[in-house]
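These numbers come from the heavy atoms of this one structure, side chains and all, not from hydrogens, waters or symmetry mates. Whatever order the structure lists them in is the order used to number ligands and atoms, beginning at 1.
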Amino acid sequence: MALIVQKFGGTSVGSVEKIRGVAEKIKGFRDRGDSVVVVVSAMGGETDRLVDLADQVGKKPPLREMDVLLSTGEQVTISLLSMALQKIGVDAISFTGWQVPIKSDGAHGKARIESIDAEHLHAELDAGKVAVVAGFQGISPSNDITTLGRGGSDTTAVALAAALKADECQIYTDVDGVYTTDPRVVANARRLDQITFEEMLEMASLGSKVLQIRAVEFAGKYGVPLRVLHSVEPGPGTLITLEEAMEKPIVSGIAFTHDEAQLTVLGVPDRPGIAYALLGPIGEANIEVDMILQNVSGDSSSDYTLTDFTFTVHRADYERARELLEKAAKEHGAREVAGRTDISKVSLVGVGMRSHANVAARMFKALSDENINIRMISTTEIKISIVLEEKYMELAVRALHSAFDLDKEPEEVDSELTPQAEQ
Ligand code: ADP
Ligand code: ASP
Ligand code: MG
């Protein structure tokens, strides 16, 4: 007997038929004697449909009303699933976020969960019921409905698991686990039996949308055992764990994002405070800056050195960032601002990188063999990211996937091919 939190994503509850299937699955756990809290997303495509409706009313809808609108998607699913459970003899009760209550801050559209009162849920579980909770939503200190950002039902599930001290949080989706890379892009991507929180956090923040970043953050922080599984096909899925595998590969996975943009200030005087002068206004406008590159152009013929300064932002922020940058660049005597919006980021992630010296060189060789130009590079202890032209993104992911033997089981990998520089 265990207490399990199970989350079913949009595709998994995308039709009444699928909702019936989910109800049968939950019944299996109940019949075994487990206590179950279920978190559901809106039916597949519903949140996008609601966003589109709001857009039709007018651009930039008020954020409070947007959250009232978006939270309706999940409310439909909790009621339908509770009905489907009761139909097959499983006692179930639905909860919206505020009924639990899941208390969040007031940041509409990207609220953070601050606390959960688990009393009400515990009482229903003790009475033998399945609690079906709406994902993605909370209630702010001023009693307004909030939403947690796209993909936020994952975070609801993990937060509930932490609050209830559940034995496991199971994320059911349309893939049977976390793969070496998005299986929609690389057909021979391989399911991982396990991945560390640290790696999963990097994968999620570098573009793998299989889990929302905050869900992974939360699970790591509160030590919630987390597993990703297929909502229909049986299988062990992928365990996200603190333990590093004995046979740890150098690279565990490849993540990528499509929606990057690059801004460059050319010929800017290289003097203290220039990075702040250029990026300060962008930070103040709440625009997230990702990779930053500064280059000394070494023009010794002039009185002061000129430098070029490049960084990336989300493509959606490009126009605003460019406006702010042009203003700052002018004020600080830069020659010009250039930019492009056809770039992507590809990242290799793996805790095994810590003990291997030649990962970057091997990455660059694989890309060079495909004639792919690298525009920017950034590294941390467990990841290497490159920026490249978007049209080469999928080719790069496939080339790297095979260069790092990610399509092979770890024991199949010929160690001769993975020269090691153990420390
Ligand atoms: P849900 O609606 O269940 O929350 P999502 O669409 O948010 O599902 O996440 C599942 C999808 O994540 C998969 O269909 C897959 O295409 C994508 N994905 C991206 N990277 C990975 C990865 N490394 N492993 C597994 N799936 C991935
Ligand atoms: N329905 C929300 C979305 O589409 C939340 C979620 O599915 O996790 O982003
Ligand atoms: Mg999701």
Side-chain angles (χ1 to χ4, degrees), residues 6-14 18 22 38-52 66-67 69-78 97 109-111 113 133-138 146-160 169-195 199-216 226-233 235 237-238 240 251-258 346-350 394 397 400-401 406-407:
Q6 305 185 320
K7 178 255 172 178
F8 292 87
T11 335
S12 311
V13 291
K18 287 186 174 175
V22 167
V38 185
V39 173
V40 281
S41 291
M43 294 169 81
E46 177 63 7
T47 310
D48 289 337
R49 190 184 73 86
L50 295 169
V51 170
D52 184 57
M66 196 65 189
D67 277 355
L69 177 70
L70 294 190
S71 66
T72 62
E74 272 68 13
Q75 190 166 336
V76 170
T77 329
I78 52 169
K110 51 178 180 194
I113 296 177
V133 180
F136 178 54
Q137 53 184 260
T146 55
T147 63
L148 311 178
R150 297 304 302 266
S153 300
D154 295 339
T155 305
T156 306
V158 174
L160 279 171
C169 180
Q170 304 174 339
I171 306 287
Y172 289 94
T173 182
D174 59 357
V175 267
D176 63 345
V178 178
Y179 275 61
T180 46
T181 191
D182 190 339
R184 285 187 216 174
V185 169
V186 179
N188 60 359
R190 199 171 40 80
R191 182 184 58 79
L192 299 163
D193 288 328
Q194 65 177 63
I195 183 167
E199 288 169 319
M200 194 63 236
L201 196 60
E202 288 283 8
M203 290 282 281
S205 58
L206 295 165
S208 296
K209 295 209 171 99
V210 59
L211 284 176
Q212 203 203 29
I213 306 167
R214 282 190 193 162
V216 187
L226 186 61
R227 197 181 282 277
V228 176
L229 302 128
H230 197 284
S231 58
V232 180
E233 293 157 21
T238 300
I240 294 110
V251 172
S252 297
I254 304 178
F256 50 83
T257 51
H258 295 266
V346 174
S347 308
L348 299 183
V349 174
E394 293 198 2
V397 173
L400 293 168
H401 197 265
L406 289 180
D407 40 356

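At a heavy-atom distance under 4.0 Å, only side-chain atoms of Val175, from C-beta outward, approach ligand 1.
For the pair Met203 and ligand 1, the shortest N or O to N or O distance does not fall below 3.5 Å. The shortest N or O to N or O distance between Tyr179 and ligand 1 is below 3.5 Å. Inclusion of Asp174 in the set of residues having an N or O under 3.5 Å from an N or O of ligand 1 is warranted.
Within ligand 2, counting atoms from 1 as listed, the ones closer than 4.0 Å to a heavy atom of Arg150 are 3 (C), 4 (O), 9 (O). Within ligand 1, the atoms closer than 4.0 Å to a non-hydrogen atom of Ser208 are 20 (N), numbered from 1 in the order shown. Close approach of ligand 2 to Ser41 (heavy-atom distance below 4.0 Å) involves ligand atoms 6 (C), 7 (O), 8 (O). Atoms of ligand 1 found under 4.0 Å from any heavy atom of Val178 (numbered from 1 in listed order, with element): 24 (N). Residue Gly9 approaches ligand 1 through these ligand atoms, each under 4.0 Å from one of its heavy atoms: 1 (P), 2 (O), 3 (O).
In this structure, Lys7 is part of the shell of residues with a heavy atom less than 4.0 angstrom from ligand 1. For Ala255, the closest heavy-atom approach to ligand 1 does not fall below 4.0 Å. Residue contacts with ligand 2: Gly152 is included, with a non-hydrogen atom under 4.0 Å away. Assignment of Gly151 to the shell around ligand 2 is supported, since a heavy atom sits closer than 4.0 Å. Ligand 1 lies less than 4.0 angstrom from a heavy atom belonging to Pro183.
Atom 20 (N) of ligand 1 has its nearest heavy-atom neighbour, among Asp182, Ile171, Thr47, in Asp182. With distances taken over non-hydrogen atoms, the option nearest atom 2 (C) of ligand 2 out of Glu46, Lys209, Glu74 is Glu74.
By the 4.5 Å heavy-atom criterion applied to side chains, Ile195 and Met203 are counted as neighbours.
For the side-chain contact (heavy atoms from CB on, under 4.5 Å) criterion with Ile254, the lone passing option out of Val346, Thr180, Val186 is Val346. The only member of Thr155, Thr156, Thr173, Asp154 that meets side chain to side chain donor-acceptor pair (under 3.5 Å) when paired with Lys7 is Asp154.
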